[in-house]
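Heads up, the thing below is written out as structure tokens.
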Amino acid sequence: MAETAKWYVAHTYSGYENTVAATILKAAETRRMQDLILEVSIPMETVTERNGNETKTVERKIFPGYVLIKMTMTDESWHLVRNTRGVTGFVGSSTGPVPLTEEEIQIMGVEKHEIVLSYNVGDTVKVIDGPLDGFLGTVEELEPDRDMVRVVVSMFGRETPVDLELDQVEPVT
């Protein structure tokens, strides 16, 4: 059933996100519904706060009042989440919860996709997407954590560094 699981957003009372997440996971375990409710996430960001001369780093919720749940939507899983104390409902239309799209999941960074690079700094690559499609260049810099590669391409007789996404280039064999 895991292949039919999608990410849904549940609205909670503000400040209850951690309690709701723990309660949903515990209830799924107790009712043996781990195959329906796979994961519960509260997107966080690290922020540096300055108060006068004092600087501290804190974790802050990106979407206060919301919990992301990877689940297979059935009547049982819907009831489990919907009847959890602190949950006010699912985000969606009046007919029911609407799952997040793949694009929304990537933008929010909910699921981390492992990137395996088949090229390194100094390798010759071909641009396969975007306005420079078909250009050849040399990898100057790689930043997998930012999904970025800097490639030096020759345009109009000049060497020009261009920042591209990792999947916009492929190695030349």
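Computed from heavy atoms alone, side chains included, the values below leave out hydrogens, waters and symmetry copies. Here the structure is a predicted model, which is why all the values come from computation and not from measurement. Throughout, residue positions are numbered sequentially from 1 according to the sequence presented.
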State the CD-CD1 distance between Gln168 and Ile128, to the nearest 0.5 angstrom. 8.5 Å

Closest non-hydrogen atoms of Gly92 and Val98, given as atom of the first, atom of the second and distance, are CA-CG2, 3.7 Å

Cut-off 3.5 Å, side chains only: do Glu76 and Thr74 have a donor facing an acceptor? yes

Using the rule that Ile, Leu, Val, Met, Phe, Trp and Tyr join whenever any side-chain heavy atoms are under 4.5 Å apart, tell me whether Val67 and Tyr13 fall into a single cluster. yes

Can you list everything that forms a salt bridge (Lys or Arg N to Asp or Glu O under 4.0 Å) with Glu141? Sequence neighbours excluded, please. Arg150

Would a hydrophobic clustering, with Ile, Leu, Val, Met, Phe, Trp and Tyr connected at side-chain separations under 4.5 Å, put Phe63 with Val9? yes

Under 4.5 Å between side-chain heavy atoms, hopping through other hydrophobics if needed: is there a path connecting Val172 to Val149? no

Nearest 0.5 Å, please: how far is CD1 in Ile42 from CG in Asn18? 4.0 Å

More than 12 heavy atoms of other residues, nucleotides or ligands under 6.0 Å from NZ of Lys61: is that the case? yes

Passes ring pair (Phe, Tyr, Trp, His ring centres under 6.0 Å), His11 versus Tyr66? Steps please. CA-CA 5 Å; His11 187 264; Tyr66 294 95; 4.9 Å; yes

Does some side-chain heavy atom of Leu166 sit less than 4.5 Å from a side-chain heavy atom of Leu142? yes

Scanning both residues in full, the closest heavy-atom pair of Met44 with Ile62 reads O-CD1, 3.5 Å

So does Gly15 get a backbone contact from the side chain of Glu17, meaning a donor-acceptor N/O pair under 3.5 Å? yes

Would you give the length of the straight line joining atom CG of Asp75 to atom CG of Leu36, rounded to the nearest 0.5 angstrom? 11.0 Å

Take Arg60 and Glu45, measure what salt bridge (Lys or Arg N to Asp or Glu O under 4.0 Å) needs, and give me the verdict at the end. CA-CA 5 Å; Arg60 188 168 59 190; Glu45 65 182 345; 3.4 Å; yes

From CD1 (Ile37) to OG1 (Thr72), nearest 0.5 Å: 9.0 Å

Count the heavy atoms belonging to other residues, nucleotides or ligands that lie under 6.0 Å from CD of Glu49, then report whether that count exceeds 12. yes

Spacing of OG1 belonging to Thr101 relative to NZ belonging to Lys6, to within rounding of 0.5 Å: 11.0 Å

N/O donor-acceptor pair under 3.5 Å between Thr84 side chain and Ile24 backbone: no

Is there a side chain to side chain contact (heavy atoms under 4.5 Å, CB included) between Asp167 and Asp129 once you walk through the steps? CA-CA 8 Å; Asp167 61 354; Asp129 187 28; 5.8 Å; no

For Leu117 and Pro144, the nearest pair of non-hydrogen atoms, with its separation, is CD1-CG, 4.2 Å

Following the transitive rule for hydrophobic clusters with a side-chain heavy-atom cut-off under 4.5 Å over Ile, Leu, Val, Met, Phe, Trp and Tyr, establish whether Val121 and Val162 coincide in one cluster. yes

Hey, is the main chain of Thr88 close enough, under 3.5 Å, to the side chain of Arg82 for a donor-acceptor pair? yes

Cluster check Phe156, Leu132: I/L/V/M/F/W/Y, side chain < 4.5 angstrom: yes

Kindly give the heavy-atom pair with the smallest separation between Ala10 and Val87, and that separation in Å. CB-CG1, 4.4 Å

Do the ring planes of Phe90 and Trp78 sit parallel (below 30°), tilted (30 to 60°) or perpendicular (above 60°)? parallel

Measuring from Leu164:CG to Phe135:CZ, what's the distance to the nearest 0.5 Å? 11.5 Å

Please name the pair of heavy atoms, one in Ala5 and one in Leu38, separated by the smallest distance, quoted to 0.1 Å. CB-CD1, 3.4 Å

The test is side chain to side chain contact (heavy atoms under 4.5 Å, CB included); show your working for Leu68 and Leu100 and say whether it passes. CA-CA 9 Å; Leu68 304 175; Leu100 294 173; 4.1 Å; yes

Checking Glu54 side chain against Asn51 main chain: does a donor-acceptor pair fall under 3.5 Å? no

Given side chains that start at C-beta, do those of Thr57 and Thr46 come closer than 4.5 Å, heavy atoms only? yes

Which atoms form the tightest heavy-atom contact between Glu140 and Pro161, and what is the distance? OE1-CB, 4.3 Å

By side chain to side chain contact (heavy atoms under 4.5 Å, CB included), which residues pair with Asp123, not counting sequence neighbours? Tyr119, Asn120

